[in-house]
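The structure appears below as structure tokens.
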There are 2 protein chains.
Amino acid sequence: MASSQFAMAVHVLAMLANNCDERIKSGYLAESVNTNAVVIRRLLCDLHEAGLVVSQTGYSGGTCLTQAPSEIRLDEVFEAVVKTEVFGLHPNKPNPECDIGSNIVPVLGRIQDEVNLNVRQTLSGYSLQDVIDEVIQIGKTKKKKELVK
Amino acid sequence: MASSQFAMAVHVLAMLANNCDERIKSGYLAESVNTNAVVIRRLLCDLHEAGLVVSQTGYSGGTCLTQAPSEIRLDEVFEAVVKTEVFGLHPNKPNPECDIGSNIVPVLGRIQDEVNLNVRQTLSGYSLQDVIDEVIQIGKTKKKKELVK
DNA sequence: AGTTCTGTAACTAGACTTGTTACAGTTATG
DNA sequence: CATAACTGTAACAAGTCTAGTTACAGAACT
């Protein structure tokens, strides 16, 4: 299964951005993402390590963004939560006695690096604020359609 | 685990390109990739569906490329064997009563599409021949170093 | 007829992902 | 100080995916 961590992370960060001034509880986030609060807390742990959020334990605890939504780029979010490669290299070391087998892995590794870089560059074109703007825009369009009915 | 199908596919295609005039057996390919022949045959099945190879059953059977290595681009190979996304969307449908939850999925989907497109564009910059050239180049460099010793 | 292939089904082992329960530690409230 | 409401984290279950393996039917040459 392709991991949903990135999708959930962007969702959670967008929720936090929408409530900048107060600490948000994992249970509340979990309701919106439609998952368990522990899943959210695990995610927030990764986002905390990346310096994107801070949490507070105890009574009236919760989580906040550390930066303005316009300063958080999606490649940072990706980096924080996605651990897998777009494609994996060989599961077993290829036969070193074969001309191709003995030298193909570094070539594929280089291509892998280039793909990774391009993915990150694509994502760096979007800030969290861009995502929120687009979400709100879709919301407005929906409402208009409902009014027409 | 990130699937190694793409890496193995490029490896196998490079082997076929290196032996254009004869049919190559799955067992021989498996030795170079260092895996089981059935794993290779499953892979060849996908590559056949994509029109990149043809196989023949029976005595003196085996597999050949259908095109020149310079005409096979890596995005075609990727398309043929990789089924997963760079990142997955939500495992469960987000809460529709939440402003973010109700509208974030299509936004993420659009970004997903853009990432996919960029990955394919990156890979389309390489032909199978390019990979083979690079592999051979590395092989030559290695031999030089050995001679120096 | 016998040999040597491919194609494919069926199964196993291991890894990964999400979801869940449980609980220790932390912080505010009364 | 006792209680309530949080986070952080460990532990486990269920489902899915990947690669590897065995087995065998069908095809093609000798």
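We name chains A, B, ... by the order of the sequence lines, and we start the count at 1 in each one.
- Of the listed residues (L13(A), I40(A), L43(A)), just one forms a side-chain contact (heavy atoms from CB on, under 4.5 Å) with L29(A), and that residue is I40(A).
- Both V105(A) and M8(B) belong to a single network of hydrophobic side chains, linked directly or stepwise wherever heavy atoms of I, L, V, M, F, W or Y lie under 4.5 Å apart.
- In K83(B), the NZ atom is crowded: over 12 heavy atoms of neighbouring residues, nucleotides or ligands sit closer than 6.0 Å.
- Counted within 6.0 Å of CD on E22(B), heavy atoms from surrounding residues, nucleotides or ligands total more than 12; the atom is thus considered enclosed.
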Expected output check: what is the dot-bracket annotation of DNA chain D, where ( ) and [ ] are pairs inside the strand (brackets for crossing ones), | is paired with another strand, and pairs are Watson-Crick or G-U under 3.5 Å? ||||||||||||||||||||||||||||||
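- With no hydrogens or angles considered, a side-chain donor-acceptor pair links Q129(A) and D133(A) at under 3.5 Å.
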Protein within reach of the bases, or only the backbone? For nucleotides 1-9 of chain D, mark each nucleotide 5' to 3' as B, S or -, using heavy atoms under 4.0 Å. ---BBBBBB
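- In H90(A), the NE2 atom is crowded: over 12 heavy atoms of neighbouring residues, nucleotides or ligands sit closer than 6.0 Å.
- Taking atom CZ of F6(A) as the reference point, atom C1' of dT17(C) lies 18 Å away to the nearest angstrom.
- Of all the heavy atoms in D130(B) and Y126(B), the pair that sits closest is OD2-CA, 3.5 Å.
- Whole-Å rounding puts the I40(A) CD1 to dT20(C) P distance at 12 Å.
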Begin from the C-alpha positions of L123(B) and F6(B) and carry the test side chain to side chain contact (heavy atoms under 4.5 Å, CB included) through to its verdict. CA-CA 11 Å; L123(B) 292 175; F6(B) 177 71; 4.1 Å; yes
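- A close approach under 4.0 Å does not occur between any side-chain nitrogen or oxygen of Q5(A) and OP1 or OP2 of dC16(C).
- In this structure, the CG atom of N36(B) is 18 Å from the P atom of dC11(C), given to the nearest Å.
- Within residues 85-105 of chain A, no residue is approached by DNA chain C to less than 4.0 Å at the level of any non-hydrogen atom.
- Residues Q121(A) and N118(B) are not in side-chain contact: their nearest non-hydrogen atoms beyond the backbone lie 4.5 Å or more apart.
- Around CG of D99(B), the count of heavy atoms belonging to other residues, nucleotides or ligands within 6.0 Å does not exceed 12.
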